[in-house]
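These notes concern the structure reproduced below.
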Amino acid sequence: MSASRPIDYSSAQIALHWLIAALVLFQLIFGESMKEVIDAAEEGKAMSATDAALGNAHYWVGIAVLALVALRLALRIARGAPAPIGEGILTRVAAGTHHLFYVLLVLAPVTGLLGFYVGEPWGDLHEIFKPIFIILIVLHAAGALFHAFWLHDGTLRRMLVPQRS
Ligand code: HEM
Ligand code: HEM
């Protein structure tokens with residue numbers, strides 16, 4: 001498979017990267033409304049209209065992430081990804097971060113669905129992904145900015161535009 005690695009990310013891969021990143025940020029920022037919805041249902045109390053709307057959005061945006069990640073992984077397997085720019089320990093940390101992202105991008109929606117329909121311990125497990133996601137995103141974005149503004153090596157550029165002419 002590595003013999004036929006592409007030289008860049010395709011526009012579909014780039015679009016999926018940024019769309020999924022935006023949807024995950026939405027989930028992380030507004031996820032607590034879903035918690036309010038679940039608590040209200042369990043304790044039989046009222047919830048605000050905002051929480052009801054954001055809870056509903058959390059459900060559908062989460063399912064969209066799962067569907068888009070399935071598409072992204074299929075593309076990743078069929079087409080592959082360009083070889084990392086650079087080498088060494090940090091390059092391996094970056095590759096490990098990418099793999100962990102894919103695991104989380106599948107497990108977060110799956111445990112969310114289980115938490116919604118089955119209950120505990122899935123809900124608690126689902127909540128643990130929040131800090132893990134935040135740490136990984138900070139690390140990953142810092143890495144991307146380090147490449148762009150310190151190493152000036154085109155790593156960020158190739159996740160913005162396809163590199164073929
Ligand atoms: C990428 C996908 C997802 C992310 C990043 C995500 C993130 C979050 C976050 C940050 C919270 C709040 C946790 C807290 O306040 O400590 C939450 C709660 C919750 N989410 Fe998700 N979520 C995702 C997908 C889903 C999906 C598809 C469902 C399915 C219905 C779902 C169901 C829930 C439930 C039920 C809760 C409340 C858990 C509880 O109170 O026990 N999530 N989620
Ligand atoms: C929720 C947020 C994000 C997630 C889940 C995410 C996930 C990923 C994953 C899984 C890859 C590996 C792609 C592959 O080779 O298959 C990747 C690559 C990349 N991401 Fe992100 N990302 C996020 C946010 C960001 C942000 C905010 C930036 C920029 C500041 C960024 C910049 C990049 C770059 C430049 C690459 C290409 C790395 C390379 O060519 O080796 N990402 N991202």
Side-chain angles (χ1 to χ4, degrees), residues 5-10 12-14 16-43 51 54-69 72-77 79-87 90-149 151 153-161 163:
R5 274 188 119 157
I7 58 154
D8 65 353
Y9 289 107
S10 68
Q13 284 175 308
I14 294 171
L16 283 168
H17 173 269
W18 294 108
L19 180 58
I20 291 169
L23 296 179
V24 167
L25 286 183
F26 176 87
Q27 294 297 79
L28 293 173
I29 294 168
F30 298 110
E32 258 167 68
S33 287
M34 179 59 115
K35 214 170 141 68
E36 296 299 323
V37 170
I38 300 288
D39 287 351
E42 278 170 1
E43 291 157 26
D51 280 337
L54 286 174
N56 195 36
H58 190 81
Y59 183 98
W60 289 110
V61 171
I63 288 175
V65 169
L66 187 59
L68 292 169
V69 166
R72 184 168 173 190
L73 282 172
L75 255 180
R76 177 73 154 81
I77 290 163
R79 183 179 187 272
I85 299 174
E87 51 192 25
L90 279 180
T91 306
R92 266 181 275 144
V93 171
T97 308
H98 297 163
H99 286 120
L100 201 53
F101 264 140
Y102 284 123
V103 172
L104 289 182
L105 288 170
V106 172
L107 287 187
V110 168
T111 54
L113 280 166
L114 287 168
F116 190 82
Y117 289 109
V118 180
E120 298 313 330
W122 301 106
D124 284 346
L125 193 64
H126 183 65
E127 288 180 14
I128 294 172
F129 291 127
K130 181 176 180 175
I132 302 177
F133 248 128
I134 292 172
I135 291 167
L136 277 185
I137 293 169
V138 169
L139 197 70
H140 178 71
L145 298 177
F146 176 67
H147 276 279
F149 297 109
L151 303 175
D153 66 2
T155 297
L156 180 57
R157 200 179 325 122
R158 73 179 184 174
M159 197 40 109
L160 293 171
V161 273
Q163 301 299 297

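We're numbering straight along the sequence, starting at 1. Whatever order the structure lists them in is the order used to number ligands and atoms, beginning at 1. Both backbone and side-chain heavy atoms feed into the values below; hydrogens, waters and symmetry mates do not.
With V24 as reference, L105 is the one residue of V69, L105, V61 to meet the side-chain contact (heavy atoms from CB on, under 4.5 Å) rule.
For ligand 2 and A81, the ligand atoms under 4.0 Å from any heavy atom of the residue are 15 (O). For ligand 2, the atoms lying closer than 4.0 Å to a non-hydrogen atom of Y102 are 10 (C), 13 (C), 14 (C), 16 (O). Atoms of ligand 1 found under 4.0 Å from any heavy atom of I63 (numbered from 1 in listed order, with element): 27 (C). Numbered from 1 in the order shown, with element, the atoms of ligand 2 that lie under 4.0 Å from a heavy atom of R158 read 39 (C), 40 (O), 41 (O). Within ligand 2, counting atoms from 1 as listed, the ones closer than 4.0 Å to a heavy atom of V24 are 1 (C). Below 4.0 Å from some heavy atom of E32 lie the following atoms of ligand 1, by number and element: 12 (C), 15 (O). Applying the 4.0 Å criterion to heavy atoms of W18 picks out, from ligand 2, the atoms 26 (C), 28 (C), 29 (C), 31 (C). In the vicinity of A144, heavy-atom distances shorter than 4.0 Å reach the ligand 2 atoms 29 (C), 30 (C), 32 (C). Shown in contact with E120 at under 4.0 Å from a heavy atom are these atoms of ligand 1, numbered in order with element: 41 (O). Each of the atoms 41 (O) of ligand 1 lies under 4.0 Å from some heavy atom of G123.
A salt bridge is defined here as a Lys NZ or Arg NE, NH1 or NH2 lying under 4.0 Å from an Asp or Glu carboxylate O, and D153 with R158 fails to meet this definition.
When only non-hydrogen protein atoms are considered, atom 15 (O) of ligand 2 lies nearest to Y9 OH, 2.7 Å. From the protein, the heavy atom lying nearest to atom 9 (C) of ligand 1 is G31 CA, 3.8 Å. With hydrogens left out, the protein atom closest to atom 7 (C) of ligand 2 is F101 CD1, 3.5 Å, a heavy atom. When hydrogens are left out, the protein atom nearest atom 33 (C) of ligand 2 is H140 NE2, 3.5 Å; that is the closest non-hydrogen contact. Nearest non-hydrogen protein atom to atom 13 (C) of ligand 1 is E127 CG, 3.5 Å. Scanning the protein for heavy atoms near atom 14 (C) of ligand 1, the closest one is K35 CD, 3.7 Å. The closest protein non-hydrogen atom to atom 19 (C) of ligand 1 is H126 CD2, 3.3 Å. In this structure, the protein non-hydrogen atom closest to atom 32 (C) of ligand 1 is G112 O, 3.4 Å. From the protein, the heavy atom lying nearest to atom 30 (C) of ligand 1 is Y59 CD1, 3.3 Å. Looking only at protein heavy atoms, the nearest one to atom 3 (C) of ligand 2 is A21 CB, 3.8 Å.
No more than 12 heavy-atom neighbours from other residues, nucleotides or ligands sit within 6.0 angstrom of CZ on R157.
No donor-acceptor pair under 3.5 Å is formed between the side chain of E43 and the backbone N or O of A41. No donor-acceptor distance shorter than 3.5 angstrom exists from the side chain of E42 to the backbone of D39, with no hydrogens or angles considered. A donor-acceptor distance shorter than 3.5 angstrom exists from the side chain of E120 to the backbone of D124, with no hydrogens or angles considered. Of the possible polar contacts, one joining the Q27 side chain to the H58 backbone as a donor-acceptor pair under 3.5 Å is found. Panel note: side chain W18, backbone M159; a donor-acceptor pair is recorded below 3.5 Å.
With rounding to the nearest 0.5 angstrom, the CG atom of D51 is 12.0 Å from the CG atom of N56. Rounding to the nearest 0.5 Å places CZ of F146 at 10.5 Å from OG1 of T155. The CG atom of L107 sits 10.0 Å away from atom CG of L114, with the distance rounded to the nearest 0.5 Å. To the nearest 0.5 angstrom, I137 atom CD1 is 12.0 Å from I132 atom CD1. To the nearest 0.5 angstrom, L156 atom CG is 12.0 Å from L151 atom CG.
Ring-plane geometry between Y59 and F116 is classed as perpendicular, the angle between the planes exceeding 60 degrees on a 0 to 90 degree scale with a lower cut at 30. Ring orientation note: the planes of F129 and H126 are nearly perpendicular, at an angle over 60° on the 30°/60° scale.
With R72, H147, Q13, R76 as candidates, the residue nearest to atom 11 (C) of ligand 2 on a non-hydrogen basis is R72. For atom 17 (C) of ligand 1, the choice among H58, Q27, K130, M34 with the nearest heavy atom turns out to be H58. For atom 1 (C) of ligand 2, the candidate residues are L105, V138, I137; the nearest heavy-atom contact is made by I137.
Metal site remark for atom 21 (Fe) of ligand 2: H17 contributes an N, O or S atom at a distance under 2.8 Å.
Residue-level proximity to ligand 2 for P84 is absent, since no heavy atom of it falls below 4.0 angstrom. With a 4.0 Å cut-off on non-hydrogen atoms, H98 touches ligand 2 through its backbone as well as its side chain.
Under a 4.0 Å heavy-atom criterion, T155 is in contact with ligand 2. Residue contacts with ligand 2 leave out L25, since none of its heavy atoms falls under 4.0 Å from the ligand.
Taking the six-membered ring where the residue is Trp, the centroids of H140 and F101 are separated by under 6.0 Å.
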